[in-house]
Amino acid sequence: MGQDNDTQISEFLLLGLSEDPELQPLIFGLFLSMYLITVFGNLLIILAVSPDSHLHTPMYFFLANLSLVDICFTSTTVPKMLWNIQVQGKVITYEGCLCEIYFFVLFAELDIFLLTVMAYDRFVAICHPLHYMVIMNPRLCRLLVLMSWIMSILNSLLESLLVLRLSFCTEVEIPHFFCELNQMIHLACSDTFLNNMVMYFVAMLLAGGPFIGILYSYSKIVSSVRGISSAQGKYKAFSTCASHLSVVSLFYGTGLGVYLSSAATQSSHSSAVASVMYTVVTPMLNPFIYSLRNKDIKEALLRFSGMAALKGSIALG
């Protein structure tokens, strides 16, 4: 489309999951509940791990970081959606849309990197148990998290800057409940070849690469576990990976399912509904997966709740 037909877009319309007015209270209640559970559950993990010296290990250090990222990941999209439903509006400013894209890409990528780092941690713990504390020293753990942040920030900055070069015409309706990068590129009326190439290349490199790393780590873990003679030893080794493997399967499974289903059906509405799984449901379930299957987390939560109750009684007294 020629430049003469381009107009300066200052805002977009988020169509959400449904335009049926009767469904809005149900959607609002459902998403508010999931958001509060996500924030409370992940915050509880952080508060339980941070003060407990028994959990100052690499595995729980990464878990606390993952919980923090999950809170931020969900907070990038859900509050704006809830606000729009509450005020019965659909508007999001151009700047607000760019911010959503930036932080959504940032925290989604951080999730992927942290899950990969956690897989490496489990690989070292099971395949090299005698050298675990030497390899996974505090300096390396902090460096791995720092590098995850740096790469995620650079990637989200690149994707956001590439959106800035796009021109938007009269089509301002986004068939989603947040400003999703792929949807924004489809709405543009200028050349999007560079944006598509970068988006797909980054997806292969920064999502596919870590996934291959996770698969490699678990292939080595399976080989090591098979070499353990006792059934109890095998169960103990596998149980340390079960929670992480469940989270990885949930995150990658739902994320991949969204993009495969959207490519197959070409339905933006179906894609929006499916994306709820990895943007909202997965961060909500992570604390339950780690706490229900982890004795150390359960004990830490009990100690934390006991300390909180004690402080409350002292304050009241």
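If you read the sequence from its start, that first residue is 1, and numbering goes on from there. Every heavy atom of this structure was used, including side-chain atoms; hydrogens, water molecules and symmetry mates were not.
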(request) State plainly whether the residues E173 and K90 are in salt-bridge range, i.e. N to O under 4.0 Å. (result) no
(message) Please report the interatomic distance CZ(F31) to CG(L17), rounded to the nearest 0.5 Å.
(response) 4.5 Å
(request) Output yes when a side-chain donor or acceptor of Q88 lies under 3.5 Å from a complementary backbone atom of N84, and no otherwise. (result) no
(message) With a 4.5 Å cut-off on side-chain heavy-atom distances among I, L, V, M, F, W and Y, is there a chain of contacts connecting F211 to M199?
(response) yes
(request) Would you confirm whether Y252, through its side chain, and A207, through its main-chain N or O, come within 3.5 Å as a donor-acceptor pair? (result) yes
(request) Assess the pair F123 and H128: is the distance between their ring centroids shorter than 6.0 Å? (result) yes
(request) Quick one: pull up CE in M133 and OG1 in T57 and give me the separation to the nearest 0.5 Å. (result) 7.5 Å
(message) With a 6.0 Å cut-off on the ring centroids, do F73 and F103 count as close?
(response) no
(request) Group every Ile, Leu, Val, Met, Phe, Trp and Tyr by side-chain heavy-atom contacts under 4.5 Å, then state whether V39 and L30 land in the same group. (result) yes
(message) Counting C-beta onward and ignoring hydrogens, is there a side-chain heavy-atom pair between L162 and R165 closer than 4.5 Å?
(response) yes
(request) Consider only side-chain heavy atoms of I, L, V, M, F, W and Y, link residues closer than 4.5 Å, and tell whether L106 and L206 are in one cluster. (result) no
(request) Find the distance between CH2 (W83) and CZ (F28) and round it off to the nearest 0.5 Å. (result) 10.0 Å
(message) How long is the straight-line distance from OG of S148 back to CG of L144, given to the nearest 0.5 Å?
(response) 6.5 Å
(request) Say whether S230 and Y235, considering side chains only, have a donor N or O and an acceptor N or O under 3.5 Å apart. (result) no
(request) Examine V117 and L154 and state if one hydrophobic cluster contains both, with Ile, Leu, Val, Met, Phe, Trp and Tyr joined whenever side-chain heavy atoms are less than 4.5 Å apart. (result) no
(message) For I71, is there any backbone N or O sitting under 3.5 Å from a side-chain donor or acceptor partner on T74?
(response) no
(request) Treat each ILVMFWY residue as a node, draw an edge where side-chain heavy atoms are under 4.5 Å apart, and state whether V105 and M151 are in one component. (result) no
(request) Taking the side chain as every heavy atom from C-beta outward, state whether I221 and C241 have any atom pair closer than 4.5 Å. (result) yes
(message) Looking at I135, is its backbone amide N or carbonyl O close enough to the side chain of N137 to form a donor-acceptor pair, meaning the two atoms are under 3.5 Å apart?
(response) yes
(request) Looking only at non-hydrogen atoms, find the nearest pair between E180 and H176 and report the distance. (result) CB-CD2, 4.0 Å
(message) Would the distance check show the side chain of H131 and the main-chain N or O of M136 forming a donor-acceptor pair, the cut-off being under 3.5 Å?
(response) no
(message) Let me confirm one number: the CG-OG1 distance from D70 to T279, rounded to the nearest 0.5 Å.
(response) 11.5 Å
(request) Determine yes or no for a side-chain-to-main-chain donor-acceptor pair under 3.5 angstrom, with T93 supplying the side chain and G96 the backbone. (result) yes
(message) Are the side chains of Y290 and H244 in contact, using a 4.5 Å heavy-atom criterion?
(response) yes
(message) Among Y102, F107, F178, which residue satisfies the side-chain contact (heavy atoms from CB on, under 4.5 Å) criterion with T76?
(response) F107
(request) Using the side chain to side chain contact (heavy atoms under 4.5 Å, CB included) rule, take I92 and K80 through it: C-alpha gap first, then chi angles, then the decisive distance, then the call. (result) CA-CA 9 Å; I92 184 170; K80 176 60 179 175; 3.9 Å; yes
(message) If you define the side chain from C-beta out and look only at heavy atoms, does anything of F104 sit under 4.5 Å from C179?
(response) no
(request) Would you check if the side chain of S219 reaches a backbone N or O of Y216 as a donor-acceptor pair within less than 3.5 Å? (result) yes
(request) Using the side-chain contact (heavy atoms from CB on, under 4.5 Å) rule, pick out the option among N286, V145, L114 that qualifies with V69. (result) L114
(request) Quick one: pull up CG in N195 and CG in N182 and give me the separation to the nearest 0.5 Å. (result) 10.5 Å
(request) State whether the side chain of N42 and the backbone N or O of T38 hold a donor-acceptor pair below 3.5 Å, judged by distance alone. (result) yes
(message) Filter on salt bridge (Lys or Arg N to Asp or Glu O under 4.0 Å), then keep only pairs touching residues 93-118, sequence neighbours left out; what's left?
(response) none
